[in-house]
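Worksheet for the structure shown next.
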Amino acid sequence: ISYRKPGGPVSTERRVDPYHLARYQGEWYLIGHCHKRGAIATFAMSRIETVLLLEAVFSVPADFDHARYAGAHFGIFSGEREILVKVRFAREHAPYVLEREWHPRQTVVQRKNGSVVLEFPALHLYEVKRWVLSWGSGAKALAPRELVEAVQKELAAALADYDRGGRRVKQ
């Protein structure tokens, strides 16, 4: 395939053995063995610019289980290592957090003040950061430090884009 990374100016050629197709938030993704990386990778179908069907034959490994592969994901992105995420939600958001499963391996601790702390493993923090930010002041990233700093940086950049009167600053 000829594949363009998000925001990437040029496509790269990849040889991929397709294992699974998944739909996530309205987008289709191809999960398969990427020969360039030497590992299983996820590709957004909308970023695949060309496809060439090769005559080479491959088999999906018997131990590949998409449910297990996606088990530690939060969203569609993947990474090399599992990271424990902790997010505190304000009392007014606690009912929404408690009423659903955000991750199959989550734990939720209810605090005396009515807030809750949600913990789960993730393999990538990009989508976690976006999700935490979507809760506004009702959520605070507690761990890992990398996530806390990414949220702080994003909030500082957003705040800097507004002047004291709440009007958008011209660029």
Side-chain angles (χ1 to χ4, degrees), residues 1-87 96 100-106 118-136 139 141 143-162 168-171:
I1 62 173
S2 179
Y3 187 74
R4 184 184 35 79
K5 288 185 176 184
V10 296
S11 300
T12 58
E13 300 299 315
R14 311 282 184 109
R15 182 172 165 206
V16 178
D17 299 341
Y19 292 173
H20 189 84
L21 288 176
R23 186 160 198 247
Y24 179 73
Q25 293 187 345
E27 172 72 272
W28 283 96
Y29 294 88
L30 168 69
I31 295 96
H33 177 77
C34 174
H35 291 261
K36 182 176 182 174
R37 287 190 195 171
I40 296 174
T42 302
F43 301 94
M45 298 289 286
S46 62
R47 290 192 210 109
I48 297 174
E49 295 179 341
T50 59
V51 175
L52 176 62
L53 182 61
L54 303 177
E55 300 216 13
V57 176
F58 72 94
S59 296
V60 176
D63 64 345
F64 177 76
D65 176 3
H66 181 261
R68 193 179 76 235
Y69 169 75
H73 288 199
F74 183 86
I76 199 73
F77 293 109
S78 185
E80 303 276 324
R81 61 184 172 91
E82 196 170 275
I83 308 160
L84 181 64
V85 171
K86 292 183 183 183
V87 181
Y96 300 105
R100 68 181 282 199
E101 180 181 276
W102 300 95
H103 191 282
R105 292 172 38 205
Q106 76 185 31
L118 176 67
E119 293 183 21
F120 57 88
L123 294 173
H124 200 285
L125 295 177
Y126 178 74
E127 288 173 293
V128 176
K129 177 188 81 169
R130 291 174 57 189
W131 179 71
V132 169
L133 289 166
S134 76
W135 290 89
R145 186 80 200 140
E146 177 185 355
L147 174 62
V148 173
E149 291 170 356
V151 170
Q152 289 172 332
K153 183 178 178 182
E154 189 73 26
L155 289 171
L159 188 58
D161 203 20
Y162 289 85
R168 192 119 171 116
V169 174
K170 292 180 183 179
Q171 294 185 6

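The analysis underlying the following values was restricted to heavy atoms, covering all of them including side chains, and did not include hydrogens, waters or symmetry mates.
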Atom pair OG1 (Thr12) and NZ (Lys5), whose distance is rounded to the nearest 0.5 Å: 7.0 Å

Mind listing the closest non-hydrogen atom pair of Pro144 and Leu125 along with its distance? CG-CD1, 3.9 Å

Looking only at heavy atoms, which two atoms of Tyr3 and Ala44 are closest? And how far apart? OH-N, 3.1 Å

Mind checking side-chain hydrogen bond (donor to acceptor under 3.5 Å, both in side chains) for Glu146 and listing every partner two or more places apart, or none if nothing turns up? Arg81

Heavy-atom closest contact (Val87 atom, Ala139 atom, distance): CG1-CB, 4.0 Å

Starting at OH of Tyr19, measure out to CD1 of Ile40 and round the result to the nearest 0.5 Å. 5.5 Å

Yes or no on side chain to side chain contact (heavy atoms under 4.5 Å, CB included) for Met45 and Leu21, after CA distance, side-chain angles and deciding distance? CA-CA 9 Å; Met45 298 289 286; Leu21 288 176; 4.0 Å; yes

Value rounded to 0.5 Å, distance of OG1 in Thr42 from CG in Leu30: 8.5 Å

Check residues 32-39 and write down every donor-acceptor pair under 3.5 Å in which the side-chain atom is one partner and the other belongs to a residue at least two apart or another chain.
residue	atom	partner	partner atom	Å
His35	NE2	Asp17	OD1	3.2
His35	NE2	Asp17	OD2	3.1

Residue list, side-chain contact (heavy atoms from CB on, under 4.5 Å) with Leu133, at least two apart or on another chain: Lys129, Val151, Glu154, Leu155

Determine yes or no for a side-chain-to-main-chain donor-acceptor pair under 3.5 angstrom, with Tyr29 supplying the side chain and His20 the backbone. no

Where do Val85 and Ala122 come nearest, in terms of heavy atoms and distance? CG2-CB, 4.0 Å

Atom CH2 of Trp131 and atom CG of Leu147: how far apart are they, to the nearest 0.5 Å? 10.0 Å

For Phe58, check ring-ring contact (aromatic ring centres under 6.0 Å, His included) against everything at least two apart and list the hits. none

Hits for salt bridge (charged side-chain N to carboxylate O under 4.0 Å, His left out) against Glu27, two or more places apart or cross-chain, chain-then-number order -> none

Any idea which heavy atoms bring Ala143 and Val148 closest together, and the distance? N-CG2, 4.0 Å

Using atom types as modelled, flag every donor-acceptor pair under 3.5 Å from a side chain in residues 49-56 to any protein atom, sequence neighbours excluded.
residue	atom	partner	partner atom	Å
Glu49	OE1	Ser11	OG	2.2
Glu49	OE2	Arg4	NE	3.1
Glu49	OE2	Ser11	OG	3.4

In Å, rounded to the nearest 0.5 Å, how long is the span from CH2 of Trp135 to OH of Tyr96? 8.5 Å

